[in-house]
Amino acid sequence: MRVGLYPGTFDPLTLGHLDIIRRAAVLVDRLVIGIAINRDKGPLFSLEERQDMIEAECEHLRMETGIEIVVHPFENLLIDCARDVGAGVIIRGLRAVADFEYEFQMVGMNRKLDDSIETVFLMAEAEHQAIASKLVKEIARLGGDISKFVTPPVKAALDTRFPKR
């Protein structure tokens, strides 16, 4: 069984994330979406809220593809998480050259830690390349329209955090 791990903080889950999830799901038999628990980042949404968002948004994809998609929170090294879930491949989404520079360093370190686990990069679709969770939160906080960047349920969750002025 080919197991892939797609890690991130998903704070919040965006259409860019869903694009990568959808495309990654056809590459593996089981896709594990690893929610990084990074207390230093101070996420807007709790781990449980992020997990619920991902579960809800991926349900239709599970039904469409028949692919097993599971959500797995982790607080250890990414490579250890990959081992924990039996992943042979780590899936990373790229938006721009700046992403690649960071990811290139990460791959090098992960290969030193465990060279049996590959990393695969998926380029975000052109319409999703500018989407970043940090920017979505900022737009929402300042009262802007985020409907082009997230699903309606995620927008509703953001609207409760940042009520319109």
Legend entry - Sidechain N-carboxylate O distance under 4.0 Å for Glu55, Arg62: yes

Would you check if the side chain of [X] reaches a backbone N or O of [Y] as a donor-acceptor pair within less than 3.5 Å?
X	Y	result
Arg92	Pro7	yes
Asp29	Met1	no
Arg50	Leu13	no
Glu49	Ser46	yes
His17	Thr14	yes
Arg95	Ala124	no

List the atom of [X], the atom of [Y], and the distance in Å for their closest heavy-atom pair.
X	Y	answer
Glu125	Asp19	N-OD2, 3.1 Å
Ile131	Lys148	CD1-O, 4.2 Å
Ala25	Leu61	CB-CD2, 4.3 Å
Ala140	Phe162	O-CB, 3.5 Å
Glu118	Arg111	OE2-NH1, 3.3 Å
Val28	Gly4	CG1-N, 3.7 Å

Between [Y] and [X], is there a side-chain heavy-atom distance shorter than 4.5 Å?
X	Y	result
Ile117	Arg83	yes
Ile67	Val26	no
Pro153	Glu57	yes
Val154	Val136	no

Legend entry - Side-chain H-bond candidate by donor/acceptor type, Thr9 with Asp11, under 3.5 Å: no

Legend entry - Asp84 versus Asn76, side-chain donor and acceptor atoms under 3.5 Å: yes

Inset, instruction - Show the numbers, then the answer: is there a side-chain contact (heavy atoms from CB on, under 4.5 Å) between Arg2 and Val89? - result: CA-CA 8 Å; Arg2 294 170 300 156; Val89 63; over 6 Å; no

[atom1]/[X] to [atom2]/[Y] distance, rounded to the nearest 0.5 angstrom?
X	Y	atom1	atom2	value
Lys112	Ile79	NZ	CD1	13.5 Å
Asp159	Ser147	CG	OG	9.5 Å
Arg141	Leu135	CZ	CG	12.0 Å
Leu5	Phe74	CG	CZ	6.5 Å
Cys58	Glu64	SG	CD	11.0 Å
Leu78	Asn110	CG	CG	5.0 Å

Do [X] and [Y] belong together in a cluster built from hydrophobic side chains that touch within less than 4.5 Å?
X	Y	value
Leu31	Val70	no
Phe121	Ile21	no
Val85	Val120	no
Leu27	Ile33	yes
Val150	Val71	yes

Inset, instruction - Could you walk me through whether Tyr6 and Ile20 pass side-chain contact (heavy atoms from CB on, under 4.5 Å), step by step? - result: CA-CA 9 Å; Tyr6 177 42; Ile20 299 298; 3.6 Å; yes

Inset, instruction - Begin from the C-alpha positions of Phe10 and Ile54 and carry the test side-chain contact (heavy atoms from CB on, under 4.5 Å) through to its verdict. - result: CA-CA 8 Å; Phe10 307 103; Ile54 295 168; 3.8 Å; yes

Inset, instruction - Go through Phe149 and Lys155 one step at a time and tell me if the side-chain contact (heavy atoms from CB on, under 4.5 Å) criterion holds. - result: CA-CA 9 Å; Phe149 311 121; Lys155 180 183 180 310; over 6 Å; no

